[in-house]
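We name chains A, B, ... by the order of the sequence lines, and we start the count at 1 in each one. The structure presented is a predicted model; accordingly, all values stated were derived computationally and were not measured.
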Protein chains: 2
Amino acid sequence: MNQGLLQYGCYFETLRENILFADLPNDSLKTLLEISKNQIWPKKTCILDSDHTLHRFYIVISGKIKEYQYEINQNKELIQNILIKNDFFNICTLLKGHASRLFYEVLSSSELIYISMEDMRLWMDENPKIIGPIVNYLVKKTEKLEDRVFDLCSMDTSSRLAKLLIENFNIKTNKIELINGLSNSILAGLIGTTRAVLNRHLQDFKAIGILNIEGGNIEMINLPLLFHKLQVLSEKPPHEKEFLPNLS
Amino acid sequence: MNQGLLQYGCYFETLRENILFADLPNDSLKTLLEISKNQIWPKKTCILDSDHTLHRFYIVISGKIKEYQYEINQNKELIQNILIKNDFFNICTLLKGHASRLFYEVLSSSELIYISMEDMRLWMDENPKIIGPIVNYLVKKTEKLEDRVFDLCSMDTSSRLAKLLIENFNIKTNKIELINGLSNSILAGLIGTTRAVLNRHLQDFKAIGILNIEGGNIEMINLPLLFHKLQVLSEKPPHEKEFLPNLS
DNA sequence: CCTGAGCTGCTACCTGGGTAGCAGCTCAGG
DNA sequence: CCTGAGCTGCTACCCAGGTAGCAGCTCAGG
């Protein structure tokens with residue numbers, strides 16, 4: 001692999017689609033592939049040590065990977081993301097150097113390419129155009145996380161489940177994508193609850209006629225009703241603050 | 001104010017301390033001050049419209065400002081940050097252009113300087129060194145938010161309160177800073193609960209002998225005990241996952 | 001000086017969701 | 001073919017925390 005992955009056209013095509021590299025010329029992608037290596041992780045591979053994550057930047061080519069947080073004392077796990085094709089991870093370590101506290105577990109056999117942190121940093125110095133998309137990505141991520149914190153504080157579990165389902169519903173295909181077929185405990189980890197409670201609400205949605213569930217497959221039956229579930233949280237008196245106008 | 005705030009040395013000194021501008025030469029700060037204006041916001045000023053936040057980038061010079069999220073339907077507010085000297089806000093809007101969903105309320109009379117978004121963007125183009133610190137700031141913020149999401153899912157309210165107190169405790173001065181003197185409802189907003197529940201736990205801490213509370217002032221009496229409160233969450237069986245080693 | 005807004009400390013009540021446990025199903029591996 | 005791991009659907013129980021309401025305090029403004 002002296003030439004890295006340059007010979008594999010499919011990798012090049014995949015990078016071309018990646019929002020991170022959209023602005024970059026083909027030559028930059030080629031030099032990136034020259035310093036890349038590929039790897040296949042079978043289902044259930046767990047990346048718990050910081051060795052991988054401290055020294056390598058990963059881009060997902062195919063498969064499905066769970067990015068999660070876990071603390072030994074509190075026996076609870078929270079899933080931050082389900083990573084699929086064109087996602088990447090470890091960008092915070094790449095930019096700041098210290099280890100992240102995120103873990104990874106492969107949900108379905110995945111192919112990845114990785115670049116060593118040092119190589120990636122050198123490459124970034126030579127391809128400063130990458131900064132724009134990175135900043136964009138970070139801003140988006142920040143805003144998503146802020147919303148997530150707020151949701152956890154202000155919405156009950158069934159509303160958070162409703163939101164999760166809606167966010168992953170594709171109107172065109174009329175299907176729930178990405179999270180469909182995942183186990184109850186993974187869905188629970190995505191909205192910050194336990195398997196039992198999640199299942200309780202799923203059964204509830206099924207009983208009302210919002211969803212149909214069979215064999216791990218969730219099918220949308222009544223989307224408007226699901227939206228209703230999301231909105232009728234509480235119709236309380238509105239925000240009443242005095243607004244002192246701009247003084248300057 | 002044709003010359004902006006250039007004449008005010010104190011602003012210059014303050015910018016000099018700001019982590020965002022640490023790497024920048026004096027000249028850059030001067031040109032920044034030339035396009036800046038200042039403003040004083042009295043206590044209880046509320047910035048609820050996106051007009052301010054959409055068109056201006058703010059830097060706090062003095063005072064205390066609450067940065068929070070609020071949704072009319074759910075009558076609940078979550079405080080994302082207490083901003084003081086050297087904090088700034090609206091950087092996401094600055095970088096991406098769309099309005100943020102954060103609101104601001106002045107807790108104690110504050111002085112700010114602001115720069116119009118267009119001017120600030122032009123200035124950034126001319127001072128590209130600013131990008132490094134911005135990326136740093138975003139990465140830190142992302143990681144903080146990830147932790148916060150996890151805390152909300154995995155810790156109970158009294159542990160989150162303990163954590164809040166510890167994070168704001170200054171060992172040197174032996175005092176709780178920043179959040180001390182704030183009302184119960186603001187403290188509640190910071191950890192995602194309600195005033196009643198927050199007060200319940202505060203009284204609990206007082207009864208155990210961790211804190212002393214009088215007249216809105218919280219005094220630390222037994223820090224180790226507070227740490228204990230934080231750690232004894234649950235001592236459950238450890239993470240037991242199979243770790244399939246790297247295959248490549 | 002009074003008055004009322006806003007805060008604290010507290011009680012009493014209720015419920016959403018966390019916990020535990022189990023039967024039955026599927027499905028991969030031997 | 002069987003076996004067991006892992007999943008689902010479900011029941012029953014319990015408690016942390018959300019809700020409501022109130023008395024008493026402080027303090028700024030008239």
Separation of atom [atom1] in [X] from atom [atom2] in [N], rounded to whole Å:
{"X": "B:Ile213", "N": "C:dG9", "atom1": "CD1", "atom2": "P", "answer": "6 Å"}
{"X": "B:Leu202", "N": "D:dG17", "atom1": "CG", "atom2": "P", "answer": "14 Å"}
{"X": "B:Ile218", "N": "C:dC7", "atom1": "CD1", "atom2": "P", "answer": "15 Å"}
{"X": "B:Gln203", "N": "C:dT8", "atom1": "CD", "atom2": "C1'", "answer": "8 Å"}
{"X": "B:Glu214", "N": "C:dT8", "atom1": "CD", "atom2": "C1'", "answer": "14 Å"}
{"X": "B:Lys44", "N": "D:dC27", "atom1": "NZ", "atom2": "P", "answer": "14 Å"}
{"X": "B:Leu107", "N": "C:dG6", "atom1": "CG", "atom2": "C1'", "answer": "15 Å"}
{"X": "B:Leu152", "N": "D:dG17", "atom1": "CG", "atom2": "C1'", "answer": "14 Å"}

For [N], does either OP1 or OP2 sit under 4.0 Å from a side-chain N or O belonging to [X]?
{"X": "A:Thr157", "N": "C:dG16", "value": "no"}
{"X": "A:His201", "N": "C:dG16", "value": "no"}
{"X": "B:Asn199", "N": "C:dT8", "value": "no"}

Next item on the list: Could I get the full list of side chain to side chain contact (heavy atoms under 4.5 Å, CB included) partners for A:Lys85, not counting sequence neighbours?
Entry: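 Scan of A:Lys85 (side chain to side chain contact (heavy atoms under 4.5 Å, CB included), adjacent residues dropped) gives A:Thr14, A:Glu17.
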Check: Quick one: side chain to side chain contact (heavy atoms under 4.5 Å, CB included) partners of A:Arg101, sequence neighbours excluded?
Finding: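 Partners of A:Arg101 under the side chain to side chain contact (heavy atoms under 4.5 Å, CB included) test: B:Asp147.
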Next item on the list: Name all pairs fulfilling the salt bridge (charged side-chain N to carboxylate O under 4.0 Å, His left out) condition that reach into residues 161-180 of chain A, sequence neighbours left out, sorted by first residue then second.
Entry: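 Every pair satisfying salt bridge (charged side-chain N to carboxylate O under 4.0 Å, His left out) with a residue in residues 161-180 of chain A: A:Asp151-A:Lys163.
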Next item on the list: Under the salt bridge (charged side-chain N to carboxylate O under 4.0 Å, His left out) rule, collect the residues that match up with A:Glu146, sequence neighbours excluded.
Entry: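 Per chain and number, A:Glu146 pairs via salt bridge (charged side-chain N to carboxylate O under 4.0 Å, His left out) with B:Lys141.
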Margin query: Using the salt bridge (charged side-chain N to carboxylate O under 4.0 Å, His left out) criterion, which residues pair with A:Glu67? Sequence neighbours excluded.
Written below: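 Here no residue qualifies.
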Next item on the list: Determine the interplanar angle of the B:Phe205 and B:His201 rings, folded into 0 to 90°, and report it as parallel if under 30°, tilted if 30 to 60°, perpendicular if over 60°.
Entry: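 Plane angle between 30° and 60°, so tilted.
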Notebook entry, point to check: Which residues, if any, of residues 181-197 of chain A bring a heavy atom under 4.0 Å of DNA chain C?
Noted result: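 Per residue number, the list reads A:Thr193, A:Thr194, A:Arg195, A:Ala196, A:Val197.
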Next item on the list: Measure across A:Lys64 and A:Ser110 and return the closest heavy-atom pair with its distance rounded to 0.1 Å.
Entry: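 Closest heavy-atom pair between A:Lys64 and A:Ser110: N-OG, 3.1 Å.
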Notebook entry, point to check: Would you say A:Ile218 and A:Leu202 make side-chain contact, with heavy atoms under 4.5 Å?
Noted result: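 With C-beta onward as the side chain, the pair touches.
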Next item on the list: Could you list the residues that satisfy ring pair (Phe, Tyr, Trp, His ring centres under 6.0 Å) with A:Tyr104, not counting sequence neighbours?
Entry: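 Checked A:Tyr104 against ring pair (Phe, Tyr, Trp, His ring centres under 6.0 Å); matches are A:Phe89.
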Next item on the list: Using ring pair (Phe, Tyr, Trp, His ring centres under 6.0 Å) as the criterion, list what pairs up with A:Phe88, not counting sequence neighbours.
Entry: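 Partners of A:Phe88 under the ring pair (Phe, Tyr, Trp, His ring centres under 6.0 Å) test: A:Tyr137.
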Next item on the list: Taking side-chain hydrogen bond (donor to acceptor under 3.5 Å, both in side chains) as the test, write out the residues that go with B:Gln80, two or more places apart.
Entry: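 With sequence neighbours excluded, B:Gln80 shows a side-chain hydrogen bond (donor to acceptor under 3.5 Å, both in side chains) to B:Gln69, B:Arg148, given in chain and number order.
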Margin query: My understanding is that only residues two or more places apart in sequence, or in another chain, count here; which of them pass side-chain hydrogen bond (donor to acceptor under 3.5 Å, both in side chains) with A:Asp204?
Written below: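 Here no residue qualifies.
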Could you list, one pair per line, each protein nitrogen or oxygen that sits under 3.5 Å from a nitrogen or oxygen of nucleotides 28-30 of chain C, together with the distance?
none

Note to self: With each end axis built from five pairs of C1' atoms, what bend angle do you get for the helix from C:dC1-D:dG30 to C:dG30-D:dC1? Round to 10°.
What the structure shows: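 It works out to 40° between the end axes.
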Margin query: Could you check whether the side chain of A:Arg200 and the base of C:dG17 have a donor-acceptor pair of N or O atoms closer than 3.5 Å, going by distance alone?
Written below: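 When only heavy-atom distances are counted, A:Arg200 does reach the base of C:dG17 through a donor-acceptor pair under 3.5 Å.
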